[in-house]
Amino acid sequence: MNPSKTVNYIVLILMTSLLNFSCSNQKQEVVKEEDNRPNVILFVADDHGTDALGCYGNPIIKTPNLDKLAKEGVRFTNAYCTSASCAASRSVILSGKFGHATGSYGHVHDYHHFSTFDNVKSLSNRLTDAGYLTARIGKYHVAPEHVYLFDEVLNADPRNTVEMADKCVDVINSKKPFFLYFCTDDPHRGHPFKPEPWYAPNTFGNKKEGYKDVAQVTYKPEDVLVPEFLPDNKQSREEIAQYYQSISRIDQGFGKLMSHLKDAGKLDTTIVIYISDNGMAFPGAKTTVYEPGIKLPCIIKDPTKSKKGITNTARVSWVDLTPTILDMAAVSYDKEDFHGKSFNSVIDSEGSKDWNQIYASHTFHEITMYYPMRVVIDGDYKLIWNIANRLEYPFASDLWAASTWQAIYRNKEEYFGHKKVKDYMFRPEFELFNLSKDPNESNNLAEDENYAETLQSLKSQMKSFQLKTKDPWLIMWDHDNSLQGTGVNL
């Protein structure tokens, strides 16, 4: 062979090899860039209890889209927020820490001005760092923004959930895995609730799965279900009917959001979580640590889980949500960063003996509402420590103005629901309930000698919890002793 031709032949072989190697590397890079981690939608309603959902047993309210989510996923029956107050609860959801340890003691807006410490690293920031597109829409109510930072902030009327869903289309169609924090203003009351008729046609899928326009779904006061902790009167029924209307509006927007997910072909690659920040906005629920205030809906549809349509009795808390979602998204973290723990491994079970304890911590709602309470639930028993029990129980401004309360207050009625008004306003230091025998928390066992051992055991658990989570109010256990000899009646 001609020497020059030989050289050319060798050069050609080398160039071909290099080209093939380059193409191979490019293919490897493309594969490497593919991100198969799930998308996550965290849908948070505002002041929605388990009392008003079809899938939780209410036969009156129309919530077909959320009921469908429960049929396709898991419905938790023992899910709890840690504080029945909007801002305080939301800080826990996004931080995985109790508010008493992060400075998030109550509301953030206006003169209330409670704010999370700068050294807290939130769920959204962690997901952004891990390569997720993070976006939020609707109610925010946490501070400062750099602690709870999102890549995108979407704007829409937070009571028009269909409009909110429509604004999320670009995020849903993102090529990156996304985390969407979708927060409605419904069913938070105004003065009174605001069932404004801004509804779109039935655009969220098969008509058999939907219902008529929400504007045509009306609730008569005489048909609603009145929880036992509320008075069964004209005013309560009227406000509950309005509350139902607001929830139907949520359901419509949720259905619309799911239709966008379906159109994007991402129903099978997206985890959907539906919760509320605290219980219904009625006295005896919101701002209290009684069950109607802190025991909330939690519905999770995770396409990677094998079981569907099941009920899970595990006791889970909003302080567990951040580590759980990070597990779902395959994002590593130090377990010591959080007060909560991931329940991802038990989602598609029907309960677990290892998930039978709950802790709750409420200090403020509005700045004028100082009434710190700490809670431990273990098995059948629940202990509430009313730290400021010498004070009259304070009212949130919207609950005080509610006709449900004013009908009792102005007429000087003796009872509010199943409790005496005086017992609602003036509470003992400790309240101990057997939830299995007394789900309405009517019979306080704290002074019953037969339960002295149970009381002491739960007090010890509460102190350990406070110590572990660096609760400043731990020092109040010695408060009475410190007043000895001061002339204060103990």
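This chain uses plain numbering: 1 for the first residue, then up along the sequence.
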Item to complete: Verify side-chain hydrogen bond (donor to acceptor under 3.5 Å, both in side chains) between Asp380 and Asn434, making sure each step is shown before the conclusion.
Response: CA-CA 5 Å; Asp380 291 337; Asn434 184 326; 5.0 Å; no
After noting the C-alpha distance and the side-chain angles of Thr82 and Ser361, does the key distance pass the side-chain hydrogen bond (donor to acceptor under 3.5 Å, both in side chains) rule? CA-CA 6 Å; Thr82 65; Ser361 172; over 6 Å; no
Please walk me through it: do Glu238 and Ser403 pass side-chain hydrogen bond (donor to acceptor under 3.5 Å, both in side chains)?
CA-CA 9 Å; Glu238 287 175 347; Ser403 60; 5.5 Å; no
Steps toward side-chain contact (heavy atoms from CB on, under 4.5 Å) verdict (His48, Tyr243)
CA-CA 9 Å; His48 186 191; Tyr243 167 64; 3.7 Å; yes
Practice item. Let me see the working for Asp118 and His146 under side-chain hydrogen bond (donor to acceptor under 3.5 Å, both in side chains), right down to the final yes or no. Key: CA-CA 8 Å; Asp118 287 339; His146 72 268; 3.2 Å; yes
Run the salt bridge (Lys or Arg N to Asp or Glu O under 4.0 Å) test on Asp471 and Arg374 for me, step by step, so that the C-alpha distance in whole Å, both residues' side-chain angles and the decisive distance to 0.1 Å come before the verdict.
CA-CA 10 Å; Asp471 183 357; Arg374 300 295 183 263; 2.6 Å; yes
message = Apply side-chain contact (heavy atoms from CB on, under 4.5 Å) to residues Lys412 and Val421 and explain how you reach the verdict.
response = CA-CA 9 Å; Lys412 299 182 178 179; Val421 172; over 6 Å; no
- Going through the checks in order, is the side-chain contact (heavy atoms from CB on, under 4.5 Å) test met by Ile240 and Leu230? CA-CA 10 Å; Ile240 292 172; Leu230 292 178; 4.1 Å; yes
Run the ring-ring contact (aromatic ring centres under 6.0 Å, His included) test on Phe43 and Phe254 for me, step by step, so that the C-alpha distance in whole Å, both residues' side-chain angles and the decisive distance to 0.1 Å come before the verdict. CA-CA 8 Å; Phe43 192 115; Phe254 180 82; 5.4 Å; yes
Between Val92 and Cys81, is the side-chain contact (heavy atoms from CB on, under 4.5 Å) condition met? List the steps.
CA-CA 8 Å; Val92 175; Cys81 67; over 6 Å; no
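Put simply, the side chain of Glu163 reaches to within 4.5 Å of the side chain of Lys167, judged on heavy atoms. Within the 4.5 Å cutoff, side-chain heavy atoms of Leu467 are placed close to those of Leu474. A 4.5 Å side-chain heavy-atom check between Glu72 and Val272 finds every atom pair outside the cut-off. Inter-residue side-chain proximity for Pro372 and Met476 is flagged as unmet; no heavy-atom pair is nearer than 4.5 Å. At a threshold of 4.5 Å between non-hydrogen side-chain atoms, the residues Ser124 and Leu94 do not count as touching. Residues Asn65 and Gln252 form no side-chain contact, since every pair of their non-hydrogen atoms from C-beta on lies 4.5 Å or further apart. Contact check for Leu296 versus Trp318: side-chain heavy atoms found under the 4.5 Å cut-off. Taking the side chain as every heavy atom from C-beta outward, Tyr371 and Thr288 never approach each other to under 4.5 Å.
Residue Glu228 qualifies as open at atom CD: its count of foreign heavy atoms under 6.0 Å is 12 or below. More than 12 heavy atoms of other residues, nucleotides or ligands lie within 6.0 Å of CD in Glu392, so this atom counts as buried by the packing criterion. For Glu222, the CD atom is densely surrounded, since the number of other residues' heavy atoms within 6.0 Å is greater than 12.
When atom types are taken as modelled, the side chain of Asn386 and the backbone of Pro428 share a donor-acceptor pair closer than 3.5 angstrom. Panel note: side chain Tyr140, backbone Tyr148; a donor-acceptor pair is recorded below 3.5 Å. No donor-acceptor distance shorter than 3.5 angstrom exists from the side chain of Ser236 to the backbone of Asn233, with no hydrogens or angles considered. For Glu441 (side chain) and Glu291 (main-chain N/O), a donor-acceptor pair under 3.5 Å exists by modelled atom type. Remark: the backbone N or O of Glu413 is not paired with any side-chain donor or acceptor of Asn411 at under 3.5 angstrom. A donor-acceptor pair under 3.5 Å is absent between the side-chain atoms of Gln461 and the main chain of Val376, judged by distance alone. The backbone N or O of Asp51 sits less than 3.5 Å from a side-chain atom of Asn58, completing a donor-acceptor pair. Ser122 places a side-chain N or O within 3.5 Å of a backbone atom of Val147 that can act as its donor or acceptor partner. Side-chain atoms of Ser352 never come within 3.5 Å of backbone atoms of Ala314 as a donor-acceptor pair (strictly under, hydrogens ignored). With hydrogens and angles disregarded, no donor-acceptor distance shorter than 3.5 Å links the side chain of Lys382 to the backbone of Ile358.
Closest approach of His418 and Ser442 over heavy atoms only: ND1-OG, 3.2 Å. A pairwise comparison of heavy atoms in Leu383 and Lys459 identifies CD2-N, 3.7 Å as the closest pair. In terms of heavy-atom proximity, Gly284 sits nearest to Tyr290 at O-CB, 4.1 Å. Looking at every heavy atom in both residues, Ile250 comes nearest to Pro187 through CD1-CD, 3.6 Å. The heavy-atom pair separating Leu257 from Cys168 by the smallest distance is CD1-CB, 4.2 Å.
The line from CG of Asp378 to CG of Asn356 is 6.5 Å long, rounded to the nearest 0.5 Å. Ile294 CD1 to Ser276 OG: the interatomic distance, rounded to the nearest 0.5 Å, is 12.5 Å. For the atom pair CG of Asn444 and CG of Asp423, the computed distance is 9.5 Å after rounding to the nearest 0.5 Å. Once rounded to the nearest 0.5 Å, the distance linking CG of Asp251 with CG of Leu66 reads 4.5 Å. To the nearest 0.5 Å, atoms CG (Leu53) and CG (Leu69) are separated by 10.0 Å. To the nearest 0.5 Å, the span separating OH on Tyr56 from CZ on Arg75 amounts to 6.0 Å.
Between the side chains of His365 and Thr287, not a single donor N or O lies within less than 3.5 Å of an accepting N or O. With no hydrogens or angles considered, no side-chain donor-acceptor pair links Tyr219 and Gln242 at under 3.5 Å.
Screening Tyr370, Tyr424, Phe416 for a ring pair (Phe, Tyr, Trp, His ring centres under 6.0 Å) with Tyr393, the sole residue that qualifies is Tyr424.
Tyr359 does not carry Lys468 over the face of its six-membered ring by the limits of under 6.0 Å from the centre and within 45° of the normal. Note that Lys341 lies in the cation-pi zone of Trp355, set by a 6.0 Å cut-off to the ring centre and a 45° limit from the axis. For Arg315 and Phe343, the positive end is not near the middle of the six-membered ring at less than 6.0 Å and at most 45° from its axis.
Taking the six-membered ring for Trp and the full ring otherwise, Phe150 and Tyr181 have centroids separated by under 6.0 Å.
Among residues at least two apart or in separate chains, ring-ring contact (aromatic ring centres under 6.0 Å, His included) pairs with a member in residues 82-102 are Phe98-His100, Phe98-His339, Phe98-Phe465, His100-Phe465. Applying the salt bridge (Lys or Arg N to Asp or Glu O under 4.0 Å) definition to pairs two or more places apart or across chains, those involving residues 273-290 are Asp47-Lys286, Arg90-Asp277, Lys286-Asp398.
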